[in-house]
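Bear in mind that the values here come from a model prediction, so they are computed numbers and not experimental data. Worth knowing before you read on, the calculation uses all heavy atoms, side chains too, and leaves out hydrogens, waters and symmetry mates. Atoms within each ligand, like the ligands themselves, are counted from 1 in listed order.
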Amino acid sequence: MRDRAQTVIIGAGIVGASAAAHLAELGVADVLVLDQGPLFETGGSTSHAPGIIFQTNGSRTMCRIAQDSVALYDSLDVDGERCWYGAGSLEVATTPERMQELKRRQGYARSYGIEGTELRTPAETAELSPLLDPSTILGSYWVPSDGAAKGVKVVEALARRAQAAGVEFEGGVAVTGFDIRDGRVHGVQTDRGTVECERVLLCAGIWGPTVGALAGVPIPLVAVQHQLVWTDPIAELAQEPGSAHGDTWLQQPVVRHQDMSLYFRQRDDHFGVGNYRHEPIVTPQAEIRVAGKRSGSAMQPSLMPFTPS
Ligand SMILES: Cc1cc2nc3c(=O)[nH]c(=O)nc-3n(C[C@H](O)[C@H](O)[C@H](O)COP(=O)(O)OP(=O)(O)OC[C@H]3O[C@@H](n4cnc5c(N)ncnc54)[C@H](O)[C@@H]3O)c2cc1C
């Protein structure tokens, strides 16, 4: 590992990799990206996320960030393997109030430039998402350009862009401290030696407060658990047209049911179901696990087996 870089980025998740690629694009390539986990499936949040993007947002800025992200991910591939699947999204309504809200959301989308959105009847919704029972909903909001990204592939593709400009990535390197003198950072201490540097970009995700504390910088974030389960294979999905050939990673629109704080996404022959309808489960920094050699476990830090019943 090199012992000097103008900029050290801590964290090779989607944020660190994106920062590295964008810095390189701006001509800042004397950059070293460090991650405690293995590259590029580091064990951070990016390694676990189902990758869904719903672009519609009441905030013009958030909407624009999502639109730009879709355009960027759609432009990336890793040795021909695509990173973005624009299968569309459906938000369903089971109450008149939610249907009204979906109409309002379509208004945001129209004024912010998301094209092709529609309000759909229950029958039209079930045409797009065949396992959905149309008798249970009043309608839905359809965004054809939404979908999901393969997060780890996005990181790898962005890293390759940055590497082509001279940026270096090192996995299995834990940042353990900083050399700070006269109010300025002069180096980053790691379990593989010190890297002299002029600036540090902290992209450590849920570990941010721990790494910030090493520099005496309070980071006002708490890690909160999010529950996502993947089902066993579902026979109906294996029989979908197109399943016998080609890329089945995401064929059906992602579905969101806001009144139940639920989202669903198909992945190959099974579904992922995410839910927020519970009290927040805060995880103290000391209890957040690390993937790879530091933890002595191959298991990703946020994967847990079901408790036997
Ligand atoms: C189950 C789940 C589902 C999600 N679903 C979605 C979704 O559908 N759509 C969506 O947009 N977002 C989703 N998210 C959120 C999204 O995954 C995160 O916002 C995003 O991945 C954060 O990226 P990051 O680069 O900031 O963090 P991370 O990917 O966690 O990267 C931080 C990196 O810092 C490294 N690091 C930490 N401390 C150190 C240290 N001391 N030394 C060296 N390296 C260090 C870690 O190893 C890690 O690789 C989901 C998250 C989870 C967990």
Practice problem: Could you establish whether T176 and ligand 1 come within less than 4.0 Å of each other, counting only heavy atoms on the residue side? | Solution: no
Quiz item: Checking side-chain contact (heavy atoms from CB on, under 4.5 Å) for the pair R267/H270: CA distance, chi angles, key distance, verdict?
Solution: CA-CA 5 Å; R267 185 177 72 183; H270 53 278; 3.2 Å; yes
Exercise. Please state whether I53 comes within less than 4.0 angstrom of ligand 1, counting heavy atoms only.
Key: no
Self-check item: Candidate with minimal heavy-atom separation from atom 9 (N) of ligand 1, of T46, I52, V173, T42
Solution: I52
Quiz item: So is S45 polar-close to ligand 1, meaning N/O to N/O under 3.5 Å?
Solution: yes
Quiz prompt | G43 touching ligand 1 at heavy-atom level, < 4.0 angstrom | solution = no
Practice problem: Using a 4.0 Å heavy-atom cut-off, say whether T210 meets ligand 1 through its side chain, its backbone, both or neither. | Solution: neither
Quiz item: Regarding R64 and the six-membered ring of Y112, is the cationic atom NZ or CZ under 6.0 Å from the ring centre and inside 45° of its axis?
Solution: no
Quiz item: Would you say the ring centroid of H226 lies under 6.0 angstrom from that of Y263?
Solution: yes
Self-check item: Polar contact flag, side-chain donor to acceptor under 3.5 angstrom, T56-R105
Solution: no
Quiz item: Does an N or O from V15, backbone or side chain, lie closer than 3.5 Å to an N or O of ligand 1?
Solution: yes
Quiz item: In terms of hydrophobic clustering (I, L, V, M, F, W, Y; side-chain heavy atoms under 4.5 Å; direct or indirect links), are V152 and L158 co-clustered?
Solution: yes
Quiz prompt | Region of C203 engaging ligand 1 - heavy atom pairs below 4.0 Å | solution = backbone
Quiz item: Could you give the distance from OG1 (T95) to CD (Q258), rounded to the nearest 0.5 Å?
Solution: 11.5 Å
Quiz item: Only one of R4, E170, M1, Q189 forms a side chain to side chain contact (heavy atoms under 4.5 Å, CB included) with V195, so which one is it?
Solution: M1
Exercise. Below 4.0 angstrom from a heavy atom of G13, which ligand 1 atoms are there? Numbered from 1 as shown, please.
Key: 25 (O), 29 (O), 31 (O)
Quiz item: Could a heavy atom of I206 be found less than 4.0 Å from some atom of ligand 1?
Solution: no
Practice problem: Cation-pi check, R256 to W142: give yes when NZ or CZ is under 6.0 Å from the six-membered ring centre and within 45° of the ring axis, no otherwise. | Solution: no
Quiz item: Is any N or O atom of D35, backbone or side chain, closer than 3.5 Å to an N or O atom of ligand 1?
Solution: yes
Quiz item: Which one holds for V175 and ligand 1: side chain close, backbone close, both close, or neither close, with close meaning a heavy atom under 4.0 Å?
Solution: both
